[in-house]
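See structure below.
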Amino acid sequence: MANEKTLSIIKPNATLDNNIGNIISMFEKNDLRIAAAKLTQLSKEKAEGFYIEHKDRPFFGELVEFMTSGPVVLMVLEGENAVAKNREIMGATNPAEAAEGTIRKLYAKSIGENAVHDSDSAQSAEREVSYFFEKNEIVDRF
Ligand code: IDP
Ligand code: MG
């Protein structure tokens with residue numbers, strides 16, 4: 001199986017609820033490693049650019065407003081099959097549909113305030129990782 005990198009974001013509802021550690025421990029328990037991390041608050045421009053694929057969706061304004069409303073933790077996660085593995089650990093977009101034990105089942109408030117983002121494919125992972133991180137900010141020692 002391939003060693004991959006994927007982008008993860010702990011969203012403002014989860015940072016404000018003090019669930020950063022709980023969420024990171026879910027990644028670590030599932031053999032994903034943190035290869036880069038920063039805590040920041042996104043500007044409107046940065047959040048809009050990140051979610052550009054959703055710009056025509058009805059919830060775009062709400063999404064950008066939420067993502068800029070508080071601190072976020074941006075992380076590069078690394079491990080075997082990291083992209084698919086993170087999707088599984090994270091759970092469905094809507095917490096009402098998320099499987100038991102997933103991050104969203106445990107820590108999401110609603111379909112919008114759903115605790116975490118991850119990259120949905122290897123191709124998005126590449127774009128999303130380089131959207132937030134310079135090459136020299138990513139550790140490659142694992
Ligand atoms: P994903 O995060 O599970 O991949 P996407 O469909 O890519 O879900 O949507 C991106 C983000 O937009 C979601 O994580 C959620 O925060 C927000 N979002 C999606 N659908 C809705 C909605 O119907 N209302 C409000 N926000 C939504
Ligand atoms: Mg998505």
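Keep in mind the model is a prediction, meaning the values are calculated, not measured.
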How about CD on E126, more than 12 heavy atoms from neighbouring residues, nucleotides or ligands closer than 6.0 Å, or not?
no
Are any side-chain N or O atoms of R104 and backbone N or O atoms of A98, one a donor and one an acceptor, separated by less than 3.5 Å?
no
Nearest 0.5 angstrom please: R127 CZ to S119 OG, how far?
9.0 Å
Going only through I, L, V, M, F, W and Y residues with side-chain contacts under 4.5 Å, is there a path from V73 to F133?
no
Without placing hydrogens or testing angles, list every side-chain donor-acceptor pair under 3.5 Å for residues 51-65, not counting sequence neighbours.
from : atom 1 : to  : atom 2 : distance (Å)
H54  : ND1    : R57 : NH1    : 3.0

Does the Q41 side chain pair with the main chain of T68, one donor and one acceptor, at a distance under 3.5 Å?
yes
Would you list the atom pairs, donor with acceptor, under 3.5 Å between side chains in residues 82-92 and any protein atom, with sequence neighbours excluded?
from : atom 1 : to   : atom 2 : distance (Å)
K85  : NZ     : N30  : O      : 2.9
R87  : NE     : D118 : OD1    : 2.9
R87  : NE     : D118 : OD2    : 3.4
R87  : NH2    : D118 : OD1    : 2.9

Does one hydrophobic cluster hold both I103 and L77, with members joined at side-chain heavy-atom distances below 4.5 Å?
yes
Hydrophobic cluster identity match, V76 and V72, side-chain contacts under 4.5 Å
yes
Short question: side chain of N94, backbone of I111 - any donor-acceptor pair under 3.5 Å?
no
Give me the atom names and distance for the closest heavy-atom approach of M67 to I9.
CE-CG2, 4.0 Å
Between R33 and E78, does the salt bridge (charged side-chain N to carboxylate O under 4.0 Å, His left out) criterion hold? Intermediate values first, please.
CA-CA 5 Å; R33 290 174 184 276; E78 188 206 51; 5.5 Å; no
With rounding to the nearest 0.5 Å, note down the distance linking CD in E113 to NZ in K11.
9.5 Å
Give the table of side-chain donor-acceptor pairs shorter than 3.5 Å for residues 12-23, with sequence neighbours excluded, one pair per line with atom names and distance.
from : atom 1 : to   : atom 2 : distance (Å)
N13  : OD1    : A115 : N      : 3.0
N13  : ND2    : Y107 : O      : 3.2
T15  : OG1    : P12  : O      : 3.1
T15  : OG1    : P71  : O      : 2.8
N19  : OD1    : N22  : ND2    : 2.9

Counting neighbours of NZ on K38 that are heavy atoms of other residues, nucleotides or ligands and sit closer than 6.0 Å, is the number greater than 12?
yes
Check the hydrophobic clustering (I, L, V, M, F, W, Y; side-chain heavy atoms under 4.5 Å; chains of links allowed) and say if I138 and I34 are grouped together.
no
Can you find a heavy atom in the side chain of F50 that is under 4.5 Å from one in the side chain of L74?
no
Is it the case that one hydrophobic cluster holds both I24 and L106, taking links as side-chain heavy atoms less than 4.5 Å apart, direct or via other members?
yes
If you apply the rule side-chain contact (heavy atoms from CB on, under 4.5 Å), what do you find for Y131 with K46, and how did you get there?
CA-CA 9 Å; Y131 188 80; K46 198 75 181 168; 3.7 Å; yes
